[in-house]
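Here's the structure, in structure tokens; my notes come after.
Model, not experiment: these values are computed from the prediction.
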Amino acid sequence: SMSSLDQPIADGDDDAALMEEQARESCEEDEELQSLLGETRDGGVGGKEAVSDVAKHAALSAYWFGWAFLWLPLFIVIIPWQVLVLVGDKAKGSSLGTTLLLGSATSLFCAPMFGSLSDTCTHQMGRRRPFLAVGALLASLALLIMAFAPSLGWFSCAFLLLSVANNMMMSPCSALLPDVVAPNRRGVASGWIGGMTMFGSICGGMLCYKMESTGIIGAYLILIVVHFVCVGITVYFVEEQPFTGPVRQFTLVERIRSFTDPFKSHDFGVVFATRFLMQMGILTVQEYLQYYLKDAIGPNFFLGGVRVADTPQKAVSVLFLPVLFGALGSSLFAGFISDRYGGRRKIIVYVSGATMATAAVFFSITRSFQFDMFVGLLFGIGYGAFSVIDWAMATDVLPSEEDFAKDMGVWSLALVLPQVIAAPIAGNLLDYFEKIGPSVHLGYTMIFLLAVVYYALGSYYVKHVEKVR
């Protein structure tokens, strides 16, 4: 019959279709495997190489260990301590805000400028590493001047130089992640950077606790050596291809105008705003913890009936241990979990923001150092998770592969602008309300509640990111 004659032909068609489907699935699996291992991009756009083994992850993250080891002691203990010594107790809040304002304001220009210069750098070392090498030398010089500064003016000028050097390194180094890591592995790579950052902060916190033994000069020398070595590890071990593509020519005016280009992307603008608001809250809490412990908790600090610190500098170092261990744990898992479940970022931002807001509420009402240790752990868990997902979201929404460093430099302004704005706002708020309610330390209640507002706004705003799940 006709049906029996057609059957073999139909079976042959089915077999051919099945073989075609299997071939297509095999091809898709190969493409997925290649993507997981990290594809290599030609044309001199940084050479996207696989960053899958521990050694390469460690080399990429070494800079951030040194960065955290440097900046946590500076922001938490050294700068507030030196400002207090230089200007006295009554003007400490506003003077700290002014010092940070003068230094950090340079980042508004330097961060995107050094990023833009890095994107078009044709040095044989690559586009990023020359800036890290020069920046490390300038940072060492600035730290030496800060160590011996005889007045607030000298100290502020040295901090200004340190801020320039920091931006010379940070923007190009931030671009190394999207340069060498495949998009669907950036959560894991961000977790490494977050974990190393928290580990650096823990080690920096240990230095803070021993600062009476090392002395201020000794502490600065340790900071210089550790920071320089860590930058050196990243410069030496991270494999970066020299830029071989066509060099785009910019006038200074054109280069500056290009700083606003990333904001033409809706998602970039939203992620920038989210990071800005969350960082406003983080700095509002972080910068004034030492003064909070001195004025509202001290002069002695007990845990379980045992005195663990007799100065605010030691006490803030003890308090930051649960903060940093909580942050270390959450940072190691947040990026992995996000990648594991299809790149989901928003839910982690919601949870981390709510966690930090809850901690800030507790800080506003508690006057117990022992309870503050628990609050610090809670704050750290939220902080670590947000820090990792913050990185991953930023690399997800970068508008242009040709401008990674410039765009990351612009994005880093969401970290720097709060240093310019948050400290003066909180400092003047603190001084004003402490005069109104000194017996209940109303100033500290107000600045911690202000941080809650920042966290709430930042967590809500991230819902408007379209590209990120």
N/O donor to acceptor pairs below 3.5 angstrom from side-chain atoms of residues 374-384, sequence neighbours left out:
none

With sequence neighbours excluded, residues passing ring pair (Phe, Tyr, Trp, His ring centres under 6.0 Å) with Phe263: Phe268, Phe272
Gly204 versus Leu72, closest heavy-atom pair with distance: C-CD2, 4.1 Å
Ring centroid separation Tyr288 to Tyr444 under 6.0 Å: no
Beyond-backbone contact of Ile436 with Phe433, side-chain heavy atoms, under 4.5 angstrom: yes
Val270 side chain reached by Val397 side chain, heavy atoms, under 4.5 Å: no
Please output the side-chain donor-acceptor pairs of residues 148-155 that fall under 3.5 Å, not counting sequence neighbours, one pair per line with the distance.
residue: Ser151; atom: OG; partner: Trp154; partner atom: N; Å: 3.3

Partner of Ser118 under side chain to side chain donor-acceptor pair (under 3.5 Å), chosen from His123, Arg127, Arg128: Arg128
Any side-chain heavy-atom pair of Thr120 and Arg255 under 4.5 Å: yes
Within-4.5 Å side-chain heavy-atom neighbours: Trp81 and Met211: yes
Aromatic centroids of Phe65 and Phe199 separated by under 6.0 Å: yes
Heavy-atom check, side chain of Asp403 versus side chain of Asp261, under 4.5 Å: no
Residue pair Phe276 / Ile421, side-chain heavy-atom distance below 4.5 Å: yes
Heavy-atom side-chain contact between Leu144 and Leu221 under 4.5 Å: yes
Residues forming a side chain to side chain donor-acceptor pair (under 3.5 Å) with Tyr63, sequence neighbours excluded: none
Ile145 side, atom CD1; Leu162 side, atom CG - distance, nearest 0.5 Å: 10.0 Å
Set of ring pair (Phe, Tyr, Trp, His ring centres under 6.0 Å) partners for Phe69, sequence neighbours left out: none
Contacts of Thr106 that satisfy side chain to side chain contact (heavy atoms under 4.5 Å, CB included) - sequence neighbours left out: Cys110, Leu160, Ser163, Val164
Nearest heavy-atom neighbours spanning Asn167 and Ala111: OD1-CB, 3.2 Å
Over 12 foreign heavy atoms within 6.0 Å of CZ, Arg257: no
Plane angle bin for Trp71 and Phe159 - parallel if under 30°, tilted between 30 and 60°, otherwise perpendicular: perpendicular
Nearest non-hydrogen partners of Ala158 and Ala142, listed with the distance: O-CB, 3.6 Å
Validation row: Trp64, Ser174 side chains within 4.5 angstrom (heavy atoms): yes
